[in-house]
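Structure first, commentary second.
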Protein chains: 2
Amino acid sequence: MATSARRERGTSPRRERGTSQSLKALLGIRELVFSGEVGPGVRLSEVTLSGRLGISRTPIRAALAQLDQEGVVEAIPSGGYTVRSFTQVDVADAIELRGALEGVAARIAAERGVPAARLQTMHSLLAELDHVVADPKRTDFAVYIARNGEFHDLLHTLSGSETIRRELERVMRLPFAAPNAFITAQAEMPEIRVSLLVAQAQHRAIVNAIEMREGARAEAIAREHARLARTNLDVMIEDTKLINKVPGLSLISG
Amino acid sequence: MATSARRERGTSPRRERGTSQSLKALLGIRELVFSGEVGPGVRLSEVTLSGRLGISRTPIRAALAQLDQEGVVEAIPSGGYTVRSFTQVDVADAIELRGALEGVAARIAAERGVPAARLQTMHSLLAELDHVVADPKRTDFAVYIARNGEFHDLLHTLSGSETIRRELERVMRLPFAAPNAFITAQAEMPEIRVSLLVAQAQHRAIVNAIEMREGARAEAIAREHARLARTNLDVMIEDTKLINKVPGLSLISG
DNA sequence: TTCCCTTAAGTTGTATACAGCGAGTATACG
DNA sequence: CGTATACTCGCTGTATACAACTTAAGGGAA
């Protein structure tokens with residue numbers, strides 16, 4: 001009786017190109033958590049999720065294990081998982097961590113050198129970001145978010161170390177650690193323009209430092225760059241109106 | 001027919017205190033990989049592992065997913081996993097990463113301050129390590145490894161940031177990133193004594209820096225401390241006789 | 001002989017059955 | 001009326017069944 005995720009045994013539609021049940025479960029549960037539909041501390045029952053998402057327990061269970069690794073969900077000693085709750089300090093630490101890792105990536109890139117082609121791509125991205133930031137009141141945030149994301153992704157690969165890239169990818173999944181985490185909400189804030197201009201200046205400085213093989217400088221700027229996000233976080237926490245604007249902000253309690 | 005992990009349905013002995021099948025699978029597969037019993041690039045079939053470890057596919061599958069996260073095993077796009085192979089550079093990067101994270105932990109600990117009780121524990125560990133290192137030719141490596149591990153574990157918590165501690169715990173699971181990774185082999189090397197003395201001096205310096213609230217210094221020393229491991233790695237790679245002495249060294253190819 | 005296509009075996013992804021453990025509840029006793 | 005105890009329901013951990021997919025092998029044609 002339990003499960004209602006019933007589906008005729010041999011008639012399963014089968015995954016339609018990359019839409020595996022596991023992935024659906026992962027995205028579904030993430031969405032459930034970040035949308036605030038299930039609050040912090042709430043237990044995530046496998047059977048309930050199974051019924052709600054129309055997926056059997058097996059992929060649900062895999063997704064929960066993954067989300068546990070990502071830090072979105074917390075394992076209960078006696079079994080099962082609850083939605084994790086984050087303090088403001090947790091988020092600050094995650095940002096600090098991202099900064100530290102991006103710093104290491106930037107430094108190693110500078111020290112070991114980067115192929116010219118890669119640097120060329122970086123410069124292209126810088127130019128595009130310049131263009132987006134240039135014209136006040138007409139800034140397209142969707143484009144900014146996309147380019148900014150690409151810039152950081154590329155930065156993460158510049159060290160040439162797959163290990164470091166992997167770890168950065170992990171840290172970016174921590175709630176609000178990603179560079180773009182707050183930008184959607186920032187769009188409504190007056191301070192946004194200054195923030196973007198400063199960020200872009202730092203982007204340029206990081207690339208320049210890497211080009212000049214100035215490892216220490218590259219690292220220092222990358223770290224400071226991440227701290228921008230922290231400043232934004234503080235501003236945002238103050239402005240309680242934004243709680244519903246930023247997905248997942250409801251996870252922060254304390 | 002396939003599976004031979006057969007076991008009477010209702011007669012399962014049930015886990016004997018914490019020995020869940022999942023844990024057994026995790027440890028079993030790790031052992032298989034690190035012992036070199038299955039070489040890099042080899043595909044890990046779930047049913048084969050199931051039969052070999054006497055565990056059903058479900059916990060095996062969970063363990064493989066976990067090991068994928070840990071970086072021990074690599075997911076094949078079309079499904080399944082292979083044993084990952086590491087280059088010497090990969091290991092160096094992992095050590096660098098550990099150093100960077102321990103550095104951040106030490107700096108934050110220094111900046112935010114640490115409860116006196118914690119510092120007291122650190123000093124106790126320092127004293128014990130002193131004692132172990134003091135007498136040449138009679139050094140008990142098992143004790144050193146234990147205390148050294150405790151020292152680093154404690155250091156990881158000193159920042160007070162659970163996020164950072166978690167991430168450090170992850171990175172430590174990367175092959176050879178852990179502080180104790182090479183010590184067993186070092187026991188047979190002549191340079192070991194100097195290495196341990198230097199390491200211990202750094203331990204003291206890190207604690208001192210944290211006490212003095214000298215964040216930058218704490219970070220710098222912690223990073224350099226990690227680099228000791230890298231030096232040891234280089235020495236060890238040269239000495240091919242050690243390949244069978246160090247568990248998992250067979251994973252390094254290139 | 002070589003290349004392609006068909007086919008078969010093996011492997012993974014997913015669903016589900018089942019048993020034990022735990023949390024919460026109701027009942028009985030002080 | 002409060003507390004302790006027994007019980008029941010639900011939950012997770014694990015095993016297994018089944019179908020699609022992947023891959024490797026074998027046979028046929030150029």
Side-chain angles (χ1 to χ4, degrees), chain A residues 1-29 38 41-68 73-83, chain B residues 1-29 32 38 41-69 73-83:
Chain A
M1 280 70 279
T3 71
S4 64
R6 194 161 304 281
R7 179 161 278 176
E8 305 70 37
R9 203 59 186 269
T11 324
S12 89
R14 204 55 192 170
R15 77 194 88 158
E16 312 100 34
R17 268 327 293 160
T19 309
S20 70
Q21 298 299 84
S22 309
L23 189 60
K24 250 170 57 181
L26 188 66
L27 298 177
I29 300 174
V38 289
V42 173
R43 180 165 192 164
L44 291 169
S45 153
E46 293 177 7
V47 290
T48 305
L49 289 171
S50 175
R52 196 151 174 184
L53 299 175
I55 301 170
S56 89
R57 270 185 61 208
T58 306
I60 295 281
R61 167 166 270 267
L64 285 171
Q66 164 92 20
L67 290 170
D68 178 40
V73 136
E74 202 163 28
I76 304 171
S78 63
Y81 300 90
T82 62
V83 176
Chain B
M1 283 70 282
T3 72
S4 65
R6 194 161 305 282
R7 180 160 278 176
E8 304 70 36
R9 202 57 185 268
T11 323
S12 91
R14 202 57 191 171
R15 76 194 91 158
E16 313 100 36
R17 265 331 292 159
T19 308
S20 68
Q21 298 300 83
S22 308
L23 189 60
K24 251 170 56 179
L26 188 65
L27 298 177
I29 300 174
L32 241 51
V38 291
V42 174
R43 180 166 192 163
L44 291 170
S45 154
E46 292 178 8
V47 290
T48 306
L49 289 171
S50 174
R52 197 152 174 184
L53 299 176
I55 301 170
S56 89
R57 271 185 61 209
T58 306
I60 295 282
R61 168 167 270 267
L64 284 171
Q66 165 90 21
L67 289 171
D68 178 41
Q69 290 289 322
V73 135
E74 202 162 29
I76 305 171
S78 63
Y81 300 91
T82 63
V83 176

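Order of the sequence lines fixes the chain letters, A, B, ..., with proteins taken first and strands second; residue numbering starts at 1 for each chain. Scope of the values below: all heavy atoms of this structure, side chains included, with no hydrogens, waters or symmetry mates.
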Mind calculating the distance between [atom1] ([X]) and [atom2] ([N]) to the nearest angstrom?
{"X": "Gln21(B)", "N": "dA15(D)", "atom1": "CD", "atom2": "C1'", "value": "10 Å"}
{"X": "Arg57(B)", "N": "dG10(C)", "atom1": "CZ", "atom2": "P", "value": "15 Å"}
{"X": "Asp68(B)", "N": "dT12(C)", "atom1": "CG", "atom2": "C1'", "value": "15 Å"}
{"X": "Ile55(B)", "N": "dT16(D)", "atom1": "CD1", "atom2": "P", "value": "13 Å"}

Residue-phosphate contact under 4.0 Å: Ser22(B) side-chain N/O, dT14(D) OP1/OP2: yes
Value rounded to 0.5 Å, distance of CD in Glu46(B) from CD1 in Ile55(B): 13.0 Å
Distance in Å, Asp68(B) CG paired with Gln66(A) CD, rounded so as to fall on 0.5 Å steps: 8.5 Å
Sugar-phosphate only, base, or nothing, as touched by Ile60(A) at under 4.0 Å among non-hydrogen atoms: nothing
Sugar-phosphate, base or nothing in reach of Leu64(A), heavy atoms under 4.0 Å: nothing
Between the protein and nucleotides 23-25 of chain D, which nitrogen or oxygen pairs are less than 3.5 angstrom apart?
residue, atom, partner, partner atom, Å
dT23(D), OP1, Ser78(B), OG, 3.2

Pairwise 5' ranking along DNA chain C for Gly80(B) and Thr58(B), keeping only the more 5' one: Gly80(B)
Backbone N/O of Val42(A) and side chain of Thr82(A): donor-acceptor pair under 3.5 Å: no
